[in-house]
Enquirer: 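Can you read through this structure? Questions will come right after.
Residue numbers begin at 1 in each chain, while the letters A, B, ... track the order of the sequences. Everything quoted here is computed from the prediction, not taken from an experiment.
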Number of protein chains: 2
Amino acid sequence: MPPAQRHPTMADVAERAGVSVSTVSRTLRGLSTVSDEARERVEAAARELSFVISRQASSLVTGKTGTVAVLAPTLGSWFVGQVLRGLSEVLRDAGLDLVVYSVADLAERAAFFDRLPARRNADALLVVSFDLTEAEFARLDGLGVPVVYVSQHAPGRASVYVEDVAAARSGTRYLCGLGHRRIAFVRASPGTGFTCSSRTRLFGYREALAEAQLPYDEDLVVATSRGRRHTAEAVGRLLCLADPPTAVFAETDEIAMEVLWVLRSSGIDIPGRISVLGFDDHDHAEWLDLTTIAQPAVEVGRAAGTLAHTLIDDPATDPARHVVLPTYLIPRGTTAPVPGPGPSDSAPSGEPDAGEA
Amino acid sequence: MPPAQRHPTMADVAERAGVSVSTVSRTLRGLSTVSDEARERVEAAARELSFVISRQASSLVTGKTGTVAVLAPTLGSWFVGQVLRGLSEVLRDAGLDLVVYSVADLAERAAFFDRLPARRNADALLVVSFDLTEAEFARLDGLGVPVVYVSQHAPGRASVYVEDVAAARSGTRYLCGLGHRRIAFVRASPGTGFTCSSRTRLFGYREALAEAQLPYDEDLVVATSRGRRHTAEAVGRLLCLADPPTAVFAETDEIAMEVLWVLRSSGIDIPGRISVLGFDDHDHAEWLDLTTIAQPAVEVGRAAGTLAHTLIDDPATDPARHVVLPTYLIPRGTTAPVPGPGPSDSAPSGEPDAGEA
DNA sequence: ATGAAAGCGCTAACAT
DNA sequence: ATGTTAGCGCTTTCAT
């Protein structure tokens, strides 16, 4: 019997089963070259001692850590949470552990890329929606383990993402199709430089404008960061334009919801006076009846996990494999045809009052 | 120079620096018994080779894995996300890795407790808002590493939590103070048995009712699970009572928001006809102007991380240490004094129709 | 089918 | 202050 305060080792199991450690190892890994009798004895002994293998020790010899690392800007955002859900599901099934690194500010970011702690301690690294510099890309290229870029298109590297540009283009087209010609875009504040969806979605927005032969008006593009105050300011900037927007396209649902809140609490009718379109299909989007561009966040996580697993297990896999997932527009109640050229006073929105054609 | 496809080891660093591996090890761990000259050479060599230490190897000899595991019911909920934020911040500073296990259903749950994969592969385990059975508690008691229970009170074991019972009692008192005498409680569906806040908060609710000498009416307690349909049903059950509630206390803000949505979309005035009180102070609570009981979720994560770190580093720490964090009520616009003793018919009135005195 | 032995990369005595 | 040596708990030849 092993000392109380120590985890039992294979040697303990071997002794109890009356076999060698090699046999224990073979049994536990399911290698076929073990007699039924030995297998049973080993399994019984392992169970009785409630033996758990030490990954550390096997890693040392196999060179595989059995863990996948994920780097994310924050763990608190809806999108990252959903991605992690899908990811952890797939990794669990693959027998891989999931270790998370989050870097909240630029100092931590620099420290991460300087030290690259994931280096020898994970079999793969997943980078979630990071707007990386060339230097950071280069650093990761030399990491020594596969890197999968999640929710971002990384040319020449493995990545899993949705067609942000095309999705934003469609969303904008949809608004154009409703007759809107003054469409604002509210993006996350680029300050932190962590997310790359601002750039791609803004690009799609501009493409659609061009298609519809609408001018790109910089005054219609505003940035906000989390918090009522910032969004109120951003929305305020839009509302006091000489020719204010009749529709707002927000980079994410979380931003869209803030916009919605600011607009509504200032008595502006939605969608009567202004339409609002989000991006994500956040859980709350349905409650708020927010029209949005849905992206399969959990599925993104699953696909990323699967790709990482493949890359780890089969070195022959194309290291630049891309997985592109679909998006689709979900029309709900916050978008409507542009109001006629009639009055557009700020009647507090009691009733739904969609503009008629 | 080490082979291209292999991570450099301490031996590589040692060779390059012209010292022994011991000196490299000592230097890298910041032990003072190293000459300045050697230290510099080692540091230079390590940088040039971009050496990263293998935790696996050091674990093997130190017995410490340098990682903390966290078990959570899901990674997608707001609360868990916030806890992870606080946690990862503290653990990063402590040089500990964070590995997450999430169990989505009962089968996975059983598998986790059967195998206890965290066993030898983490220095501590954090269990976040799990309603554990006695058998599961017992299993964790024998884990061999410190276990910290987060967002739940675990008698005789280390835990970090808010006073759920007291908070729910205060919240209910607040509603009573506004004159409400028919107060409903909407809880998460107990089906999964994953969260324990239902039980504690319901308990506090009952205490406050007793205090106010209000009867406990089982019809006023309904359960819902995520999704518009379920919440609509639950709310429907309340609305068609002979004596329907004038206030609803929801176990979490997420539930409160769904309730809000259902009530509003059926034209019921809030807080004119029904008051709604949540729990959490979710980011969106402010936008929806939801009165709620705030709990410091990120701080819970931080405290849990700190406690885990302490428990790991200092075995003399009281293994049953408790950290209790405060909650506070944030009065917002979804709660108001009870409408006068006027009509209380359950007709889903179109117009907002706040009772008059 | 099984065991003995070597060694993965590191740390911890013990020398010096 | 530094080097030498002996493992940590596994997997993996290589014998048998």
Enquirer: Checking R39(A) against E43(A) for the salt bridge (charged side-chain N to carboxylate O under 4.0 Å, His left out) test, could you report, in this order, the C-alpha distance in whole Å, the side-chain angles of both residues, the deciding distance, and whether it holds?
Expert: CA-CA 6 Å; R39(A) 151 158 284 117; E43(A) 279 168 353; 3.8 Å; yes
Enquirer: Is a donor-acceptor contact shorter than 3.5 angstrom present between the side chain of R120(B) and the base of dG9(D)?
Expert: no
Enquirer: Taking only Lys NZ, Arg NE, NH1 and NH2, and the carboxylate oxygens of Asp or Glu, determine whether E37(B) and R41(B) approach each other closer than 4.0 Å.
Expert: yes
Enquirer: Considering only NZ, NE, NH1 and NH2 on the basic side and carboxylate oxygens on the acidic side, decide whether D97(A) and R92(A) come within less than 4.0 Å.
Expert: no
Enquirer: Going by distance alone, is a donor N or O of one side chain under 3.5 Å from an acceptor N or O of the other, for S25(B) and R29(B)?
Expert: yes
Enquirer: May I have the step-by-step check of salt bridge (charged side-chain N to carboxylate O under 4.0 Å, His left out) for E299(B) and R302(B), ending in yes or no?
Expert: CA-CA 5 Å; E299(B) 190 51 47; R302(B) 278 199 206 101; 2.6 Å; yes
Enquirer: Per the end-axis method with five pairs at each terminus, what is the bend angle of the helix from dA1(C)-dT16(D) to dT16(C)-dA1(D), to 10°?
Expert: 30°
Enquirer: Just the atom pairs and distances: protein N or O near nucleotides 5-8 of chain D's N or O, under 3.5 Å.
Expert:
none

Enquirer: Give the rounded distance in Å between these two atoms: CZ of R29(B) and P of dA12(C).
Expert: 5 Å
Enquirer: Under 3.5 Å, is there a donor-acceptor pair between the side chain of R120(A) and the main chain of V52(B)?
Expert: yes
Enquirer: Going by ring pair (Phe, Tyr, Trp, His ring centres under 6.0 Å), name the residues that satisfy it together with Y149(A), two or more places apart in sequence or in a different chain.
Expert: F137(A)
Enquirer: Over how many whole Å does the gap from D36(B) atom CG to dA1(D) atom P extend?
Expert: 10 Å
Enquirer: Output the rounded distance in Å from CG (N121(A)) to C1' (dG9(C)).
Expert: 12 Å
Enquirer: Does T65(B) form a side-chain hydrogen bond (donor to acceptor under 3.5 Å, both in side chains) with N121(B)? I'd like the steps, not just the answer.
Expert: CA-CA 6 Å; T65(B) 63; N121(B) 303 297; over 6 Å; no
Enquirer: Between H322(A) and S159(A), is there a side-chain donor-acceptor contact under 3.5 Å, judged purely by atom types and distance?
Expert: yes
Enquirer: Nearest-Å distance, CG (L28(B)) to P (dG9(C))?
Expert: 16 Å
Enquirer: Return whichever of R26(A) or M10(A) has its heavy-atom-nearest nucleotide of DNA chain D closer to the 5' end.
Expert: M10(A)
Enquirer: Return no unless some side-chain N or O of S25(B) is found under 4.0 Å from OP1 or OP2 of dT11(C).
Expert: yes
Enquirer: For the pair made of CD in E15(A) and P in dA4(C), what is the distance, rounded to whole Å?
Expert: 13 Å
Enquirer: Please state how far atom CZ in R41(B) lies from atom P in dA1(D), giving the value in whole angstrom units.
Expert: 16 Å
Enquirer: Whole Å only: how far is the CD1 atom of I53(A) from the P atom of dC10(D)?
Expert: 6 Å
Enquirer: From NZ of K64(B) over to C1' of dC10(C), roughly how many Å is that when rounded to an integer?
Expert: 17 Å
Enquirer: Output the single nucleotide from dC10(D), dA1(C), dT2(D) whose closest atom is nearest the side chain of T33(A).
Expert: dA1(C)
Enquirer: Verify whether one side chain among S88(A) and S102(B) offers a donor that lies under 3.5 Å from an acceptor in the other.
Expert: yes
Enquirer: dT2(D), OP1 or OP2 - any side-chain N/O from S35(B) closer than 4.0 Å?
Expert: yes
Enquirer: Classify the side chain of R55(A) and the base of dG9(D) as holding, or not holding, a donor-acceptor pair under 3.5 Å.
Expert: no
Enquirer: Does dG3(D) have its OP1 or OP2 closer than 4.0 Å to a side-chain nitrogen or oxygen of S20(B)?
Expert: yes
Enquirer: With respect to the phosphate group of dG3(C), does any side-chain polar atom (N or O) of T23(A) fall under 4.0 Å of OP1 or OP2?
Expert: yes
